[in-house]
Enquirer: 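Below is one structure. I have some questions about it.
Note that the structure is a prediction, hence the values are computed from the model and not measured. Chain letters run A, B, ... following the sequence lines, proteins first, then strands; residues in each count from 1.
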Amino acid sequence: MNELLKRRRVELDELKQSGMNPYGYEYDVTGYSKSIITEFRDDDPPKRFRIAGRIISMRKMGKASFMHIQDRDGRIQLYLRKDVLHERYAVIKLLDIGDIIGVEGEVFRTKMGEVSIKADAFEILAKSLRPLPVVKERTTEDGAITRYDPFSDKELRYRQRYVDLIVNPDVRDVFIKRARIIKFIRNYLDTRGYLEVETPALQPVYGGAAARPFTTHHNALDMKLYLRIADELYLKRLIVGGYDGVYEIAKDFRNEGMDRNHNPEFTMLEFYVAYKDYKWMMDFVERMIADLVQHLHQTTEIPIGMHTIDFRPRWKRVTMSGAIKEHTGIDIETTDEDALRDAARQHGLELEPSAGAGKIIDKIFSEFVEPKLMQPTIVMDYPVSMSPLAKPHREKSGMVERFEVIVNGQEICNAFSELNDPVDQRARFEEQMNLRERGDEEAHVLDEDYLRALEYGMPPAAGLGVGIDRLTMLLTNQESIRDVILFPQMRPEGR
RNA sequence: GAGGCUGUAGCUCAGUCGGUAGAGCAUCUGCCUUUUAAGCAGGUGGUCGAUGGUUCGAGUCCAUCCAGCCUCACCA
């Protein structure tokens, strides 16, 4: 144990010997930093508050000391004087940055103009035994805060998120926004009469997406179970069951690589509405997201990365074939598979010989079109081979009624008119099983019970999936999914 | 899975040609009753990610491993 840790344990013992409990039981808080400061009026008679928080800076002088404590809303300065606290003042010597204290006193404004609390009593609520990487900072005249050498090591920040949250207020803010995003969506769907449901995370047959699952084992049933990769097939069973609109905000689990856009567990909104199609869903989702952005930022126009992005409806709508033609000159509607492959190769794409037309189109799109779509864009009408759960296009053969929303070069949602023809659905599943036999581990699995449900009859329906983590990244301007997940997956810590 | 970069004090980082390990902040001691990147003076603090190798001598060169980041591949 190093000197800093030893030192704090010595102080802990001294506190106990002095008769103070270094781990208090409760504190009756009557004020919070932010409101105390904003509501302070110089002409009013002094007000008293009890406030609790963590010490984040200290300036001890001989017979008086200043410190800042941080509570849930922000920071406030404390002023402690020996001639007020008397023998209690000696305890200040045993306080450290990181300790959590409760303080009672009058609010006043210092000579330098900072609203502060003049303490006449304090208690220790939790003695901190580890040094906190707090950092010097200065508020410049225009109100901007300059921080010196902030705690920035990503590995430490993710592994010890509690420390990150204490010392980096911006991080705390991201997760408050994340909560507001989820709450807004839930409220938006609830007030329109859609039912929030819960479906199994442990599934005997996984489905609803193309991905490799995590597996686990149920001891009592002695059976293999999968962690869900999507909730789609269960939610559509509920549409069969007669609910008009259902949604679920839930964790999905995919056993794939990790990078700045992928975490093995992530949060997905899935939403299904009976008697609607994908056109209806386009209108719905652009309205919902525009309202969400307005709610979060008080405007629909926000800076993201290098761009300013405007979420105000109506968003640009393009077909996949139109977008590809515009950005590459390739006409996928009049080009057969071999010619398509040649065209893709001419554009510099490397393709596996097994790649079919759908895969080639998808590759062309994600390589040459998607990165260029900065403003919210609805891209519609996808090849049927890429979308085994979507309904055939009512006009274009070989296509399905599906759309994605691309913002800042990234997909943020995926939606389609749901396939409700059980015979077609069975054929699509069988095609997927063929792919699986040829070694595609991510092909969809045939779900016999889901087919049985469709055979009873499912009304036409529109479905939507929104990756909440990526949406949060977008709306909080974060570059990595790890910055919007409190405890991202990490390799075990070496000791 | 492939390539590149990184790992030095609690935090943020220097460390030259291979020659006794440094700074700022934090921390400690003393002084200081409206300070605020408080100040002044003086200190403490290191398994240089791990293991092995080359060398008279390794933070520095080499190999292997661990962890993180980035790019690519894979992937809704």
Enquirer: I need the CD-P distance between A:Q489 and B:A67, as an integer number of Å.
Expert: 13 Å

Enquirer: Hey, what are the protein-to-nucleotides 41-44 of chain B N/O distances that come in under 3.5 Å?
Expert:
none

Enquirer: Checking side-chain polar atoms at under 3.5 Å, does A:S152 have a donor or acceptor matched by the opposite partner on A:R147?
Expert: no

Enquirer: Sticking with atom C1', work out how far B:C40 lies from B:U47, rounded to a whole angstrom.
Expert: 36 Å

Enquirer: Strictly by modelled atom types, are A:Y278 and A:D381 linked by a side-chain donor-acceptor pair under 3.5 Å?
Expert: yes

Enquirer: Students often mix this up, so state it plainly: with edges at 30° and 60°, are the rings of A:F311 and A:W315 parallel, tilted or perpendicular?
Expert: perpendicular

Enquirer: My validator wants the stems of RNA chain B: runs of 3 or more consecutive Watson-Crick or G-U pairs, both distances under 3.5 Å, written as range with range.
Expert: B:1-7 with B:66-72, B:10-13 with B:22-25, B:27-31 with B:39-43, B:49-53 with B:61-65

Enquirer: How many Å lie between CZ on A:R147 and P on B:G24, as a whole number?
Expert: 21 Å

Enquirer: In whole Å, what separates the P atom of B:G49 from that of B:G3?
Expert: 23 Å

Enquirer: Taking atom types as modelled and ignoring hydrogens, do the side chains of A:D71 and A:S33 form a donor-acceptor contact shorter than 3.5 angstrom?
Expert: yes

Enquirer: Can you give me the N/O atom pairs linking the protein to nucleotides 7-12 of chain B at distances under 3.5 Å, or say none if there are none?
Expert:
| unit_1 | atom_1 | unit_2 | atom_2 | d |
| --- | --- | --- | --- | --- |
| B:G10 | OP1 | A:N2 | ND2 | 3.1 |
| B:U12 | OP1 | A:S152 | N | 3.4 |
| B:U12 | OP1 | A:D153 | N | 2.9 |
| B:U12 | O2' | A:D149 | OD1 | 3.0 |

Enquirer: Please report the distance, rounded to the nearest Å, between CZ in A:R159 and C1' in B:G49.
Expert: 12 Å

Enquirer: Have A:E248 and A:T199 got a donor and an acceptor in their side chains that come within less than 3.5 Å?
Expert: yes

Enquirer: Taking protein heavy atoms under 4.0 Å as touching, what does nucleotides 30-40 of chain B look like 5' to 3' if B marks base contact, S marks sugar-phosphate-only contact and - marks none?
Expert: --BBBBBBB--

Enquirer: Starting from C1' on B:C74, measure out to CD on A:E441 and report it in whole angstrom.
Expert: 11 Å

Enquirer: Restricting to side-chain contact (heavy atoms from CB on, under 4.5 Å), what partner residues turn up for A:P22, sequence neighbours left out?
Expert: A:L12, A:L15, A:K16, A:K127

Enquirer: Separation of A:R8 atom CZ from B:G45 atom C1', in whole Å?
Expert: 15 Å

Enquirer: Under 30°, 30 to 60°, or over 60°: which ring-plane class applies to A:Y247 and A:F271, parallel, tilted or perpendicular?
Expert: perpendicular

Enquirer: In whole angstrom, give me the gap between the C1' atoms of B:G52 and B:G24.
Expert: 36 Å

Enquirer: Could you check whether A:E114 and A:H68, counting side-chain N and O atoms only, form a donor-acceptor pair closer than 3.5 Å?
Expert: yes

Enquirer: Taking the six-membered ring where the residue is Trp, are the ring centres of A:Y158 and A:F487 under 6.0 Å apart?
Expert: no

Enquirer: Looking at A:Y79 versus A:F66, is the centre-to-centre ring distance below 6.0 Å?
Expert: yes

Enquirer: Go through the side-chain N and O atoms of A:Q203 and A:R228 and say whether any donor and acceptor fall under 3.5 Å apart.
Expert: no

Enquirer: Does either side chain, that of A:R138 or that of A:Y148, offer a donor lying less than 3.5 Å from an acceptor on the other one?
Expert: yes

Enquirer: Describe the nucleic acid contact of A:A211 in one word from base, sugar-phosphate, nothing, applying a heavy-atom distance below 4.0 Å.
Expert: sugar-phosphate

Enquirer: To the nearest Å, give me how far apart CE (A:M67) and C1' (B:A26) are.
Expert: 16 Å

Enquirer: Between A:E404 and A:M380, is there a donor-acceptor pair closer than 3.5 Å when you use the side chain of the first and the backbone of the second?
Expert: no

Enquirer: Quiz question: by atom type and distance under 3.5 Å, do the side chains of A:R81 and A:H86 form a donor-acceptor pair?
Expert: no

Enquirer: Show the numbers, then the answer: is there a side chain to side chain donor-acceptor pair (under 3.5 Å) between A:Q478 and A:R178?
Expert: CA-CA 12 Å; A:Q478 298 298 311; A:R178 182 184 170 115; over 6 Å; no

Enquirer: Once you round it to whole Å, what is the distance between P of B:A73 and CE of A:M258?
Expert: 19 Å

Enquirer: Above 12 or not: heavy atoms from other molecules or residues under 6.0 Å from NZ of A:K34?
Expert: no

Enquirer: At under 4.0 Å between heavy atoms, what does A:R130 touch on the DNA or RNA strands: base, sugar-phosphate, or nothing?
Expert: nothing

Enquirer: Between B:A50 and B:C11, how far apart are the C1' atoms? Round to whole Å, please.
Expert: 23 Å

Enquirer: Please list, by residue number, the residues of residues 407-419 of chain A whose heavy atoms come closer than 4.0 Å to an atom of RNA chain B; answer none if no residue qualifies.
Expert: A:E411, A:N414

Enquirer: For the P atoms, the ones on B:U16 and on B:G59, what distance do you get once it is rounded to whole angstrom?
Expert: 12 Å

Enquirer: Rounded to whole Å, please give me the gap between CD1 in A:I56 and C1' in B:C25.
Expert: 15 Å

Enquirer: Ignoring hydrogens and angles, state whether a donor on the side chain of A:N261 or A:Q410 is under 3.5 Å from an acceptor on the partner side chain.
Expert: yes

Enquirer: Over all strands shown, is A:E11 touching base, sugar-phosphate only, or nothing at heavy-atom distances under 4.0 angstrom?
Expert: sugar-phosphate

Enquirer: Let me spell it out: for each of A:D362 and A:E155, pick the nucleotide of RNA chain B with the closest heavy atom. Which residue's pick is nearer the 5' end?
Expert: A:E155

